[in-house]
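Below, chain A is the first sequence line, B the second, and so on; all start at residue 1.
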There are 2 protein chains.
Amino acid sequence: MKREQELLVNFLKQKGLKQTGQREKILEVFLANMKHVSADELHAIIRKSDPRIGFSTVYRTLRLLTEAGLAREVNFGDGRARFEKAFDKGQHGHLICTSCGKTEEFVVGAIDKAIKQVSSGVGFKPMGHRLEVYGLCKKCQ
Amino acid sequence: MKREQELLVNFLKQKGLKQTGQREKILEVFLANMKHVSADELHAIIRKSDPRIGFSTVYRTLRLLTEAGLAREVNFGDGRARFEKAFDKGQHGHLICTSCGKTEEFVVGAIDKAIKQVSSGVGFKPMGHRLEVYGLCKKCQ
DNA sequence: ACGTTACTGACATTGAATATCAAATTCAAG
DNA sequence: CTTGAATTTGATATTCAATGTCAGTAACGT
């Protein structure tokens, strides 16, 4: 069993929640997918292999995964929440092209350091962050 | 006349748009307000001194101000867009307490530097960014 | 002053996020 | 393996912010 699956099972047990086929399936497809997906998109993908899974369940499970630390919500400014894998993946930022919509991830240690520094200065305890940089990608300039 | 008002007038002229009492009024109230406001909130404030200004106009004017570089959209994770003054104010991040909802601004030069560095590395041209740090404020820990 | 063009504001529409609830499923206890 | 209490599911309804529509109004160049 994958680490992520174990984590979900543990999370469910801790919370007194139940292990269901739908939740397994949704996690599996979510993990197999490379891109950032919205609840809608993930639902569409899952429907192909199992048309009986409803949107509500996908939606709720994504929130569950977020709570469990397996997913993270991101926003690309198009008014719909998207989710990305969060486990075994450090915090990172996104470069978002305002012309063609293309997104790219990046990681910079300097940013984490800067956040810690600022936070400790005002007694704030950082738990996570979102950094979105808007601009023009190579092609669109 | 304030710098901001001049900027708006210039922007309107450039775009072939018209100068109206509503737009002046909305900018004035927006500037006088300290906090981050949503279109709804700003509308409510403006209504007190001029009940005839409609929500649509406030909403559209906020987008106009954003386009003109006088306002900037920010997101605090409560599912509603808020706006803050953008002129004469550098890019900054927000510390958002996930317990009490309090927000605090901060500026770190290191972050701008890091963004420039990463961007130039992949040929991306950054135009602006949003950095939101979620965690617990001093009181809520 | 006039005519063209943009603006306004009330209202309608959209669409994502969330709530509701009866039927189905899980799972621990017997 | 059955049973029963508790959670889940999925279809549908609701909410609410964002945006579209459009007839009446106001701005501004001539």
Protein-nucleotide distance ([X], atom [atom1]; [N], atom [atom2]), rounded to Å:
X: B/R47; N: C/dT8; atom1: CZ; atom2: C1'; answer: 13 Å
X: A/L62; N: D/dT8; atom1: CG; atom2: P; answer: 16 Å
X: B/L8; N: C/dC7; atom1: CG; atom2: P; answer: 11 Å
X: B/D78; N: C/dA16; atom1: CG; atom2: C1'; answer: 15 Å

Name all residues meeting the side-chain contact (heavy atoms from CB on, under 4.5 Å) criterion together with B/A39; count only those two or more places apart in sequence or in a different chain, and write none if there are none.
B/F55, B/Y59, B/L62

When you measure from every atom of DNA chain C, which of residues 24-33 of chain A have a heavy atom less than 4.0 Å away?
none

Within this structure, what is the [atom1]-[atom2] distance for the pair [X] and [Y], rounded to the nearest 0.5 Å?
X: B/L65; Y: B/L70; atom1: CG; atom2: CG; result: 5.5 Å
X: A/T57; Y: A/R52; atom1: OG1; atom2: CZ; result: 12.0 Å
X: A/L95; Y: A/L136; atom1: CG; atom2: CG; result: 11.5 Å

Donor-acceptor pair, distance only, cut-off 3.5 Å: does the side chain of A/T20 make one with the backbone of A/R23?
yes

Of the candidates C/dG9, C/dT8, D/dT8, the side chain of A/R23 sits closest to D/dT8

Check: B/C137 and B/C100 side chains under 4.5 Å, non-hydrogen atoms:
yes

Tell me whether A/E4 is salt-bridged to A/K85, with the criterion being a basic N under 4.0 Å from an acidic carboxylate O.
no

Quick tally for nucleotides 18-30 of chain D: nucleotides whose base has a protein heavy atom under 4.0 Å get B, sugar-phosphate-only ones S, the rest -, giving SBBB-----BS--

At their closest point, which heavy atom of A/Y134 faces which heavy atom of B/R130, and how far apart are they?
OH-NH2, 3.6 Å

